[in-house]
Amino acid sequence: MDIFSYFTSEIDTQKMGYDDDEFEDAENGTALSLISDAFEEISDLITEGNVNGGSFELRLKPFCDACSLVSVLFGSLGIAFKFAEMEYTSKVRDLSDAANIYGTLSKVIDCDVKNDSVKSAESLTRKLRRVRQGLDLIRELFLNFISTEYVIFLLLHLLILDYSLKEAASTAYKQVCAPYHTWAVRTAVSAGMCALPTRDQLLLNLNETDESAEDEMRRYIKASLPVIKYIDNLYISRDITLDW
């Protein structure tokens, strides 16, 4: 499919693995709170593994379960992140399907290293790398959004707050994903930024208030960092660079 068609076609939300109900309150909380809970659990496992010594190995199944929840965030950002949403979700699904075969993230990479297929187009190691970038993209977006929110609020309450989401998303994309995307993808994403939801629309999509959204964003920012670093270390420890 041509890259620009991703931004004009309809999303099949059932196929992507979630539906509109996931934007609403679940039994145990909102979409953002469920994501934060899941990554705090993964982060705690990694931290405990580091404290206890030895070679901790993160299992694919709980990792993919947590990552699948993040798809809702890409969906809530609208057309600008439609391509990222589809790419991210398909790669999480592929990793999840491989969980019974490989068991852990490290075994996925070891298999590709053995077969000299780390950077091949369909390797699970490449897909894990892209999922990691998706997690980092959301983290950077949240960081940028929170860091500008209150300064902008003091300047102009309504008008520029909508602009802050575009700035947060644009900056996050340029920092995390743009260096690895083709010109066509970068151009399409840039054009789609104009269609980002307003700040109020985003909060409504996520069923959050200003205060609850900031709390959950901060939780995700903190919890996702050890997960991202853990994945990076899997590559670095095997002499695989991170510039791809």
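When every heavy atom of Ser33 is checked against every heavy atom of Arg219, the shortest pair comes out as O-NH1, 4.0 Å. Val227 approaches Phe63 most closely through the heavy-atom pair CG1-CE1, 3.9 Å. Between Cys67 and Val92, the shortest heavy-atom distance links the atoms CB-CG2, 4.0 Å. When all heavy atoms of Ile35 and Leu73 are compared, the pair lying nearest together is CD1-CG, 3.6 Å. Summarising the geometry of Lys61 relative to Ala99, their closest heavy-atom pair is N-CB, 4.1 Å, with the distance given to 0.1 Å. The two residues Ala66 and Ile42 come nearest to each other via the heavy atoms CB-CG1, 4.2 Å.
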Candidate pair Ile236 and Leu242, rule side chain to side chain contact (heavy atoms under 4.5 Å, CB included), full reasoning: CA-CA 8 Å; Ile236 294 171; Leu242 303 177; 3.9 Å; yes

Test log, rule side chain to side chain contact (heavy atoms under 4.5 Å, CB included), inputs Thr209 and Leu203: CA-CA 6 Å; Thr209 65; Leu203 293 174; over 6 Å; no

Stepwise side chain to side chain contact (heavy atoms under 4.5 Å, CB included) check, Val131 with Val70: CA-CA 10 Å; Val131 169; Val70 179; over 6 Å; no

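With Ser90 contributing its side chain and Glu87 its backbone, the two residues share a donor-acceptor pair below 3.5 Å. Judged purely by atom type and a 3.5 angstrom limit, Thr47 has no side-chain atom pairing as donor or acceptor with the backbone of Asp44. Remark: the backbone N or O of Glu208 is not paired with any side-chain donor or acceptor of Ser212 at under 3.5 angstrom. Side-chain N or O atoms of Asp136 include none that pairs as donor or acceptor with a backbone N or O of Arg132 at under 3.5 Å.
Once rounded to the nearest 0.5 Å, the distance linking CG of Leu204 with CD of Gln201 reads 8.0 Å. Atoms CD and CG, on Glu214 and Leu32 in that order, are 12.0 Å from each other to the nearest 0.5 Å. Atom-to-atom distance recorded for Lys229:NZ and Ile46:CD1 is 11.5 Å, nearest 0.5 angstrom. Taken to the nearest 0.5 Å, the CG atom of Leu69 stands 11.5 Å off from the SG atom of Cys64. To the nearest 0.5 angstrom, Leu143 atom CG is 10.0 Å from Tyr220 atom OH. Within the model, atoms NZ of Lys107 and CG of Leu234 stand 13.0 Å from one another, a figure rounded to the nearest 0.5 Å.
Between Thr125 and Asp112, the side chains place a donor N or O and an acceptor N or O closer than 3.5 Å (distance only, hydrogens not considered). A donor-acceptor contact closer than 3.5 angstrom is absent between the side chains of Ser117 and Ser123. No hydrogens or angles considered: a donor-acceptor pair under 3.5 Å links the side chains of Ser106 and Thr104.
The aromatic rings of Tyr88 and Phe74 are tilted relative to each other, their planes meeting at an angle between 30° and 60°.
In this structure, Ile146 is not a member of the same hydrophobic cluster as Leu225, with clusters built from ILVMFWY side-chain heavy atoms closer than 4.5 Å.
Shown here are the side chain to side chain contact (heavy atoms under 4.5 Å, CB included) partners of Lys119, two or more places apart in sequence or in another chain: Arg126, Thr241, Trp244. In this view, Lys127 and Asp94, Glu122 satisfy the side chain to side chain donor-acceptor pair (under 3.5 Å) rule, not counting sequence neighbours.
Val72 has its side chain out of reach of Leu34: every pair of non-hydrogen atoms, C-beta onward, lies at least 4.5 Å apart.
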